[in-house]
Amino acid sequence: MHRYLSYLFLLLVCFSCSKSKPKYLIGVSQCSEDIWRNKLNDELRMGTYSYDGTELLFASADDDDQKQIEQIDQFVNEGIDLLIVSPNQVATISPAIDRAYDKGIPVIVFDRKTNSKKFTAFIGADNAGLGREMGEYVASRLGGKGRVVEIRGLKGSSPAIERHKGFEEALSKYPGIQLVASLQGDWSEKSGKKAMEQLLREGDVGKIDFVFGQNDRMAVGAYKAMNEAKLQGTLFCGIDALPTPGGGMECVRDGILDASYIYPTHGDEVMHLAMNILEGKPYEKDNPLKAALVTKANVHVLLMQNEEIVRQDGYLSELKQKSDNYLVELSSQRLFTFLSIGFIGLLLLSAVIIYLYNRQRMRINREREQMSRAQLDFYTQVSHELRTPLTLIEGPLAQLSTTSEIQQASGKTSELFDIVRRNTDHLTQLVNKILDAETREEGVGMKDEGVGMKDEGLRMKDEGGRKDERLRVGEQSSGIRLRVGERSPEDSSKPSLLIVDDNPDIRTYLRTILENTYEVTEAADGKLGLEAANATVPDLIISDVMMPVMNGLEFCQQVKQNVVTSHIPVILLTARALNRHQVEGYESGADAYLTKPFSPEVLLARVGNLLKSREKLKELFNSAEPKSDDKEKKVNEERNAELFFNVRDRQFVERLQQIIQEKMTDSNLSVEDVGAEIGLSRVQLYRKVKALTGSTPVDLIRKARLARAKELLQTTVMTVSEVAYDVGFSAPSYFTKCFKDEYGMLPGDLQ
């Protein structure tokens, strides 16, 4: 019975705390997202302060017609009571607006117009009037004579169409003013700069006296383009005059713009119009918003006024938040007062039952924790656990130690024998306890884990050089760079290996296995291992798991997170062979996991397979440039690259290619320059690029230059010498030699 009463109590609390449905739900569909529209959205939110129970839903189409259509349809499906929309273009959004209107939803068209007649009201500035005002201002500033350039907003949008019409109408009254060009932009600063740069590149356009951008951002972009071209004496003006940092008012204040025109937001008036419509009050269908010209003469006063408005708005928002919090607290206090009176008995009964239940559960949990802790302590004590064959090794070792072969053996042989004997004596003392505990823990012990030498060999055979999908876990972490002493990457032709283990005997044993095939360096713990890995950038790392200072799991994670070392395969060695231990190893980013004891043959095979897999990555990279128009082949190559390259390494290669493309024209470009740009030393860059691509940075730069040169020779009328200098070669003769070596033909053969 008490269980059902508890459920009833929780149900009542949930219902009482649930958020009430708003009285009015208003959808706001913005054609884009910028400072002007963010200001409008903030004003709309503040406008709801006067209308309790009103909730706003915002969406930005990012200048995408289809996206805005989908967002409007989504608003309709969510059951909005009114739609406020700023159409991206005049015609394209009309069907979505019509659908909303036909379903009985009032529609307020704001800022931009639509060719649809199905809307409830329009509110916004007179864009044609703004264009005329700016045309009159330009004519006045030029004294009726001069050369003018206009940069228009997004093609097809009503403000761009109307502002152009008004601007042309005003200039037509002044025969002495020539509209040199009406350039196309998209409201962004980048488009304004690009349009002006293109105009300047097309030829001698003559002196430009005034540039009118249909908004401030495009005007600033044009200003920057002409400033970079070192063209002085031109005046600039725009529309918006936002008082925000970097906005039009500050540009007028700082002399970047000669003038701007306030393009009003008035979100409070938009909200007032919306509520009049929803509440059945009188309203006008056409609601023009007033604007004003901003010049050096009044900009300081306007900025001061805005600072005061911002301060007051912040204070108002703070008061609104406090008021809402107080109301919520009051409602909660009333609720819990009534609930406490009605359910005091139920609370007491529930408290007793919960107390008894928790005490019983805590007792059971303590017993379980004690059992788990005892097991964990037991396995921790035997971090280098033994297997049954070790008990059979102790006797033969004692016999071998008395033979003349061992007593007269070389220093290396004697050293290896002493390592085996010392560790065997230590581990044999633990073998009897370990076997029983392992059997209980894993059912059949390590037999099912495949720890034995035979099973390990079978796993290696089955893998056949194929990487497990688990090896890719954790490859998207952020990078960490550590600078230490460096060595030359050309010091050895052997693949380089780094051994990280706190046990010097293990390091010595591993060195004897690997040093004939690989160049081996050592580190005594994870911290020193990170320093060594950053300094030498080895081809592969072998690390123990249980180490002081920094354990192997943390070490592996940091290796995979560091942009210098993220591509390096890591093999973890440990005696912790349970399933959960191996999962921890793979989740840290390890590429392979070997349990102790292991055979030298298994270790060598695993190292060899991992290094071969890196060679496959190099082949994938070298084939990444399409050699035919086979689209299916290109798609397969891209999928293979995503499968084998981790995200960090793909980003590194893409960034490297970008830097080379941007700087190839510099004949003095060096590996050090590329390394400084990407954040690596010369040695680190050489080793990482060589490991990932099979080529040196110098080779990549030369190939990129030759590929660009081939393209120029095939698509332009430039001479061989011009092409050579254009792609960064300091001598045409050397360029000709490199081109012949790469493509088997002379550069002139392509002309």
Side-chain angles (χ1 to χ4, degrees), residues 34 36 125-155 157-200 202 205-227 229 231-242 247-264 291-297 299:
D34 52 41
W36 189 88
D126 179 5
N127 281 291
L130 292 179
R132 284 192 296 271
E133 289 286 344
M134 295 311 294
E136 292 290 344
Y137 177 80
V138 170
S140 173
R141 287 286 284 140
L142 295 180
K145 295 181 180 180
R147 293 164 56 82
V148 179
V149 171
E150 178 191 25
I151 304 178
R152 302 167 68 175
L154 182 67
K155 188 176 182 180
S157 64
S158 62
I161 296 171
E162 294 174 356
R163 292 177 188 179
H164 171 69
K165 181 179 178 181
F167 186 71
E168 270 194 333
E169 181 181 334
L171 293 186
S172 66
K173 301 177 183 178
Y174 300 91
I177 294 181
Q178 179 185 0
L179 183 59
V180 178
S182 185
L183 308 178
Q184 186 63 55
D186 61 6
W187 304 117
S188 67
E189 178 181 320
K190 182 179 179 181
S191 70
K193 183 179 180 184
K194 182 178 179 181
M196 182 57 69
E197 289 174 342
Q198 183 175 354
L199 178 65
L200 296 176
E202 289 177 351
V205 296
K207 185 177 184 301
I208 299 173
D209 300 300
F210 219 117
V211 175
F212 165 54
Q214 287 192 353
N215 72 354
D216 293 335
R217 286 175 291 167
M218 294 190 296
V220 171
Y223 167 83
K224 291 182 178 179
M226 297 195 71
N227 191 48
L231 298 176
Q232 305 295 329
T234 302
L235 299 177
F236 299 82
C237 68
I239 293 175
D240 281 350
L242 288 176
M249 283 194 183
E250 289 192 355
C251 290
V252 173
R253 181 197 65 189
D254 299 337
I256 297 174
L257 299 181
D258 186 68
S260 182
Y261 212 92
I262 295 176
Y263 191 58
L293 183 68
V294 178
T295 65
K296 277 278 191 180
V299 67

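Just so it is clear, the structure is predicted and the values come from calculations on it, not from any experiment. Excluded from the calculations below are hydrogen atoms, water molecules and symmetry mates; all remaining heavy atoms, backbone and side chain alike, are included.
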Using side-chain heavy atoms (C-beta onward) and a distance below 4.5 Å, is [X] in contact with [Y]?
X	Y	result
Leu200	Met196	yes
Phe212	Ile239	yes
Trp187	Asp34	no
Val149	Thr234	no
Ser260	Met249	no
Phe210	Ile177	no
Gln184	Ile151	no
Phe236	Cys251	no

message: Could you walk me through whether Asn127 and Gln214 satisfy the side-chain contact (heavy atoms from CB on, under 4.5 Å) test, starting with their C-alpha distance in whole Å, then the side-chain angles of each, then the deciding distance to 0.1 Å, before giving a yes or no?
response: CA-CA 10 Å; Asn127 281 291; Gln214 287 192 353; over 6 Å; no

Might you point out which heavy atoms bring [X] and [Y] nearest each other, and give the distance in Å?
X	Y	result
Val211	Ala222	CG1-CB, 4.0 Å
Leu130	Ala291	CD2-CB, 3.9 Å
Ala241	Val294	CB-CG2, 3.8 Å
Ser191	Gly185	OG-CA, 3.7 Å
Ala259	Thr295	CB-CG2, 4.1 Å

- request: Calculate, to the nearest 0.5 Å, the distance between atoms SG and CG belonging to Cys237 and Leu293 respectively.
  value: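 These two atoms lie 9.0 Å from each other.
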
Take a 6.0 Å sphere around [atom1] of [X] and say whether it holds more than 12 heavy atoms from other residues, nucleotides or ligands.
X	atom1	result
Lys193	NZ	yes
Lys145	NZ	no
Lys296	NZ	yes

query: If only atom types and distance count, is the side chain of Asp186 paired as donor or acceptor with the main-chain N or O of Ser188 below 3.5 Å?
result: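 Between the backbone of Ser188 and the side chain of Asp186 there is a qualifying donor-acceptor contact (under 3.5 Å).
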
- request: Please step through side-chain hydrogen bond (donor to acceptor under 3.5 Å, both in side chains) for the pair Asp216 and Tyr263, ending with a clear verdict.
  value: CA-CA 10 Å; Asp216 293 335; Tyr263 191 58; over 6 Å; no

message: Run the salt bridge (charged side-chain N to carboxylate O under 4.0 Å, His left out) test on Glu150 and Arg163 for me, step by step, so that the C-alpha distance in whole Å, both residues' side-chain angles and the decisive distance to 0.1 Å come before the verdict.
response: CA-CA 10 Å; Glu150 178 191 25; Arg163 292 177 188 179; over 6 Å; no

task: Answer with yes or no whether the side chains of Tyr174 and Glu136 bring together a donor and an acceptor at under 3.5 Å.
output: yes

- request: Taking atom types as modelled, find out whether Arg147 and Gln178 have a side-chain donor-acceptor pair closer than 3.5 angstrom.
  value: yes

query: When you look at Asp126 and Arg132, which way does the side-chain contact (heavy atoms from CB on, under 4.5 Å) test go after all the steps?
result: CA-CA 10 Å; Asp126 179 5; Arg132 284 192 296 271; 3.9 Å; yes

field: Positive for side chain to side chain contact (heavy atoms under 4.5 Å, CB included) with Ile208, one of Leu235, Leu231, Leu199
entry: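 Among the candidates, only Leu199 passes.
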
query: Would Asn215 and Trp36 count as a side-chain contact (heavy atoms from CB on, under 4.5 Å) if you check the C-alpha gap in whole Å, the side-chain angles of each, and the deciding distance to 0.1 Å?
result: CA-CA 11 Å; Asn215 72 354; Trp36 189 88; over 6 Å; no

